[in-house]
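Atoms within each ligand, like the ligands themselves, are counted from 1 in listed order.
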Amino acid sequence: MIIILRPEATEQEIERVEGLARELGLKVHRAQGLGRTTLSLGGSEKDLRAASFEGLPGVKEVRRVTPPYPLAQRRSPGTMVVRIGEVALGGGGVTLIAGPCSVEGREPMISIAESVASHGATMLRGGAFKPRTSPYAFQGLGLEGLKILAAAREKTGLPFVTEVVDTESVSLVEEWADVIQVGARNMQNFSLLQRVGKSSRPALLKRGPSATLDDLLLSAEYILSGGNENVILCERGVRTFADHARNTLDLSILPALRERTHLPVVVDPSHATGRRDFVIPMALAAVAAGADGLMVEVHTDPERALSDGAQSLYPEQFAHLSEETQKLAAALRYDAVSKL
Ligand code: PEP
Ligand code: MN
């Protein structure tokens with residue numbers, strides 16, 4: 001941490017800042033130059049966090065030199081691989097996660113699962129507990145939905161990801177699911193994040209609609225600091241003034257995340273755009289930008305879907321996306337080396 005003092009700071013004010021730093025167990029180095037004094041403080045993250053120098057008399061600016069998320073920050077080159085059964089997410093290819101928005105029943109879920117499995121999906125998705133904006137909208141089948149997802153896994157051999165909407169349901173969901181999803185609306189539900197941090201299941205953390213990159217990584221830090229090392233980040237669009245799509249897909253967060261964290265990143269072009277015809281181009285753009293995976297909504301009868309039908313791909317569109325993704329990934333030589 002660097003503290004820049006005001007040019008007019010008195011010796012007494014500077015000593016007060018130094019004294020506080022030493023009291024907190026920090027090492028202090030004073031440097032004088034260009035008519036001002038700066039203090040470099042060294043110490044553990046915990047000690048630095050305890051310090052609050054902003055606003056002290058004589059202090060102009062406090063700058064952190066290390067990010068406030070020691071576990072989520074990049075420590076080595078390359079992307080961390082999260083293993084989900086035979087799936088190695090972050091291992092160099094593009095993992096395709098596909099399925100309906102909500103689990104609506106056994107037959108539809110199984111037919112969608114079989115369809116996406118035959119077209120290159122390596123993981124299934126489907127909500128059993130749905131966070132809906134309206135309390136009158138379909139809220140999901142709950143436990144019945146989890147059982148249906150397990151049946152779809154049995155049929156296809158593909159693991160599944162499904163959402164946890166509150167702390168109380170985590171134990172139930174982690175019993176059934178391969179990956180537990182924290183939805184965009186819950187990205188800053190800190191007690192939920194803490195509970196997910198205690199889970200032995202990998203977590204897929206979606207970016208909140210108005211979350212900055214630091215907000216997202218601090219939320220990931222909650223899960224990591226609980227002991228759960230397997231965190232997958234998911235960009236799903238943010239809310240902006242643009243109203244031509246449901247959200248604005250912020251692809252520039254991919255290279256920015258790549259720089260700051262080793263955690264793998266999945267892009268969800270379905271919730272980002274809200275429109276079926278926008279999904280494939282944005283999915284491919286995400287692959288080009290370095291996504292480790294895509295999570296897309298697919299439905300065999302989207303006109304009758306209980307949620308998000310308008311953004312769900314028809315199975316043949318998913319087949320096309322899958323083929324194009326493989327071609328593009330190969331063309332970009334998206335192996336572990338090119339992603340560094
Ligand atoms: C979902 O993936 O089912 C979902 C509800 O997405 P989000 O949390 O991104 O809105
Ligand atoms: Mn949805």
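The protein heavy-atom contact nearest to atom 6 (O) of ligand 1 is K206 NZ, 2.9 Å. Among all protein heavy atoms, the one lying closest to atom 5 (C) of ligand 1 is E163 OE1, 3.6 Å. Considering only non-hydrogen protein atoms, atom 3 (O) of ligand 1 sits nearest to R125 NH2, 2.8 Å. Looking at atom 4 (C) of ligand 1, its nearest protein heavy atom turns out to be H271 NE2, 3.5 Å.
Between OE2 of E297 and NE2 of H271, the angle at the Mn ion (ligand 2) works out to 90°, rounded to 10 degrees.
Between K327 and E324 there is a salt bridge, since at least one side-chain N of the basic residue sits less than 4.0 Å from a carboxylate O of the acidic one. Using a 4.0 Å cut-off between charged nitrogen and carboxylate oxygen, R276 and E316 do not count as a salt-bridge pair. The existence of a salt bridge linking D178 and R153 is confirmed by a sub-4.0 Å separation between a basic side-chain nitrogen and an acidic carboxylate oxygen.
S270 approaches V296 most closely through the heavy-atom pair OG-CA, 3.4 Å.
Separation of atoms OG1 (T325) and CG (L284) is listed at 5.0 Å; rounding is to 0.5 Å.
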Problem set entry | Evaluation steps, salt bridge (charged side-chain N to carboxylate O under 4.0 Å, His left out), between E18 and R16 | CA-CA 5 Å; E18 287 176 331; R16 180 173 169 197; over 6 Å; no
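Restricting D308 to its N/O/S atoms, the shortest distance to the Mn ion (ligand 2) is reached by OD2.
Here's the thing with R185: one of its N/O atoms is less than 3.5 angstrom from an N/O atom of ligand 1. When only interatomic distances are considered, the shortest N/O to N/O separation between Q181 and ligand 1 falls below 3.5 Å. Some N or O of A184 is nearer than 3.5 Å to an N or O of ligand 1, by distance alone.
Applying the 4.0 Å criterion to heavy atoms of R236 picks out, from ligand 1, the atoms 7 (P), 9 (O), 10 (O). For ligand 1, the atoms sitting less than 4.0 Å from at least one non-hydrogen atom of G183 are 8 (O), numbered in the order shown with element in parentheses.
The cationic group of R125 does not satisfy the cation-pi geometry with F160, failing either the under 6.0 Å distance to the six-membered ring centre or the 45° limit from the ring axis.
For K130, the closest heavy-atom approach to ligand 1 falls below 4.0 Å.
Note on V17 and V62: same hydrophobic cluster, where clusters join Ile, Leu, Val, Met, Phe, Trp and Tyr whose side-chain heavy atoms are under 4.5 Å apart, directly or indirectly.
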